[in-house]
Amino acid sequence: MPDCTFFTTAIDYTNAAPHIGHAYEKVLTDVFARFEKLSGRSVYFLTGVDQHGQKVQQSAEKEGLSPLDFAQQCTVKFLALWQQLGVQYDGWAATTDPLHKQAVQRILQQLFNSGKLYKQAHRGFYSVRQEQFLTDKDRNESGAFGPEWGEVVELEEENWYFRLSEYRDWLLGFIDSHEHFVTPAFRRVELRNAVEKLSGDLCISRPKSRLSWGIELPFDAGFVTYVWFDALINYVSFSGYLADPDSGLPCFESLWPAKAHVIGKDILIPAHGVYWPIMLHAIGFSDDHIPNLLVHGWWNISGAKMSKSTGNVIDPAALATHYGVTALRYYLMADISTGKDADFSEERLRIRFNDELANNVGNLLNRTLNMAHRYRAGVLRKLESPDADLSQLALHDAPKAVATYTDAMAHYQVDAALDAAIQLARACNQLIESSAPWKLAKDPAQAERLDAVLYHLAEAIRIVAILLNPVLPDASLGILAQLAVATAPSLQDAVWGRMEDGHLLGPPVPLFPRLEPPPVVAD
RNA sequence: GGGCCUGUAGCUCAAUGGUUAGAGCAGGGGACUCAUAAUCCCUUGGUUGGGGGUUCGAAUCCCUCCAGGCCUACCA
């Protein structure tokens, strides 16, 4: 068993600037990693970039750059975005890293030595313009290859193949016996159906005459390896598999297997659901050393209208700059159910931020601190006088919120987890209305009741702040700072009564300024 | 062609085959003044896409049709 929870993301292809989907996946995984830390467990979060392959080579040529320069130019954009969005990874997997190249070549050599690779000639139709072999599926209605392919020639080419189909039955059995291999469950069904139809082996090489930008096969210098064989291996190469002792990479045994490879639905079949488990099995990994897959959905862009005036609004960096990192992270985590698709909407981003963070949580903090300062000079009294409504909050609402939250996070349901925190804040606002501290303050006989109400509100807000921490680390610390709670957020402290008698609260400062809608422009 | 998913209130979504299908937002009405024009209470709104079937009981299971999306087929 690994002693460290290990999460990975897909590594992004350095051929274009990052978009909202890239940002979603990384923030999602960042939230999982931060939740593990909040729970007191050690965690390792690996993400990175896939820098090899034909498209990078082609794009580099267009811009007159070397593939490496082009890939690094693009990589910088990803690095800057993760910095901006507060994505705190522990390991960076860039596939041009020599340590990665070494691991890929060692694995290829091992597969070669054990006879799992073979060389074979393939004859087919090849598009010179697109630099790829065509299949019958590429033919148009009249059965010919259309003009979009340019010149098409029939040629024969030798390549290296991996004996993928030999492992079909093993993979079927593995899927059947590991119900948590793929989350959500319907994706596992989809995968199983696809594997049943699996036939043919996997071509894992490209001749250098066609593609030079890749990792050379260690046993045949005329070829580079196919991008998936290169990219998938990042999960083990950067976690220390087959690494030299002085490599500086983590200790593989402390990480493997990863708790989850977080990936998009587009790369489940065949890459992560077929190639990857079979590769690991062929290399010699046992069934319980094959990581689970968490498959997330996509943000669809339905309204094309919104980009008209502001340009590319789905650029996550621009969104974060415009609305703030807190608003963007909150929206990306709250408005989609993990595994499903959602429609991206700036209007919903604003609405959810305003309703749930500004009006509900932020205003709750603000009004509570204001009253505490106005009526009690910011000093909390921890008294034994729980009235029914207060004990409801302390003994029922708050523990229930923590339990619901923890269970939801354990099942990767970030939206449901956030909802639990928001509901607790809502319960606090209700308590303020029903207890009316401004009336209690006018009646000296109600002094203890007022102290108790203020204490209960502050405690509940403290717990809300802890629960929000993985998704909104900055806002979480901001709330705790105003509460003058100095200890680092921890789920262990999400229990009632941590603030002591005489605790002095900080001054209120609006933490979530409301987002205003853009000015309405007449058509 | 094969496979998967979705369809529930105006919108975004819940609901192990089991009370009268629920939340939030939006809409309507009211209350309050501690607060970021915030908050709280009440409330309107449903032939669960259509049709058949199984069942004591169906949003849920089966059949069928319709609509939308996805995978199959290298970019989250």
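Residue numbers start from 1 in every chain, and the chains themselves are labelled A, B, ... in the order their sequence lines are given, proteins ahead of strands.
Phosphate proximity of C75(B) to Asn15(A): absent, as no side-chain N or O sits under 4.0 Å from OP1 or OP2. Contact annotation: Arg374(A) reaches the phosphate of A35(B) (side-chain N/O to OP1 or OP2, under 4.0 Å). The side chain of Arg348(A) contributes no N or O atom lying less than 4.0 Å from OP1 or OP2 of C11(B). For Gln430(A) and U39(B), the shortest distance from a side-chain N or O to OP1 or OP2 is not below 4.0 Å.
A 3.5 Å limit on both hydrogen-bonding distances identifies no Watson-Crick or G-U partner for A58(B). Nucleotide U6(B) is matched to A67(B) when pairs are restricted to Watson-Crick or G-U wobble geometry with both distances under 3.5 angstrom. Using Watson-Crick or G-U wobble geometry with both donor-acceptor distances under 3.5 Å, G27(B) finds its partner in U43(B). Figure legend. U16(B) is base-paired to no nucleotide; pairs are counted as Watson-Crick or G-U wobble with both atom distances under 3.5 Å.
The side-chain hydrogen bond (donor to acceptor under 3.5 Å, both in side chains) test with His261(A) is passed by exactly one of Thr29(A), Thr8(A), Asn292(A): Thr8(A).
For the C1' atoms, the distance from U72(B) to A58(B) is 33 Å, rounded to whole Å. For the C1' atoms, the distance linking C56(B) with U44(B) amounts to 35 Å, nearest Å. Distance check on atom C1': A21(B) versus G45(B) gives 14 Å, rounded to whole Å. When the P atom is compared between C70(B) and G27(B), the two are found 33 Å apart, to the nearest whole Å. A distance of about 37 Å separates the P atoms of G17(B) and C74(B), rounded to the whole Å. Taking the C1' atoms as reference points, C25(B) lies 25 Å from U33(B), given to the whole Å. On the C1' atoms, C13(B) is 32 Å away from A73(B), given to the nearest whole Å.
Each of Arg352(A) and Asn366(A) has a nearest nucleotide on RNA chain B; the 5'-most of these lies closest to Arg352(A). Nearest-nucleotide positions on RNA chain B place Asn429(A) closer to the 5' end than the other of Asn429(A) and Ile11(A).
Nucleotide G1(B) holds its P atom 21 Å from the CD atom of Glu196(A), rounded to whole Å. Atom CD1 in Ile351(A) sits roughly 11 Å away from atom P in C25(B) (whole-Å rounding). At whole-Å resolution of the value, CZ in Phe78(A) and P in C75(B) are 14 Å apart.
Using cut-offs of 30° and 60° on the angle between ring planes, the pair Tyr167(A) and Phe162(A) is parallel. Ring orientation note: the planes of Phe7(A) and Phe32(A) are tilted relative to one another, at an angle of 30° to 60°.
If you check every strand for non-hydrogen atoms under 4.0 Å, Arg514(A) touches a base. Across all strands, Tyr24(A) comes closer than 4.0 Å to no nucleic acid atom at all (heavy-atom distances). The residue Phe512(A) sits close to a base: some heavy atom pair falls under 4.0 Å. Among the atoms of the strands shown, only primed sugar atoms or phosphate atoms (P, OP1, OP2) are found under 4.0 Å from some heavy atom of Lys340(A). Within the nucleic acid shown, Arg188(A) has no heavy atom closer than 4.0 Å to any nucleic acid atom. Among the protein residues, Trp228(A) comes within range of the sugar-phosphate backbone only, with heavy atoms under 4.0 Å from sugar or phosphate atoms but none that close to a base. Here Ile422(A) lies out of heavy-atom contact (under 4.0 Å) with every strand.
At a cut-off of 3.5 angstrom, counting only N and O atoms as typed in the model, there is a donor on one side and an acceptor on the other between the side-chain of Asn363(A) and the base of A35(B).
Closest approach to the Ala358(A) side chain among U36(B), A35(B), C75(B) is made by U36(B) (side chain taken as heavy atoms from C-beta onward).
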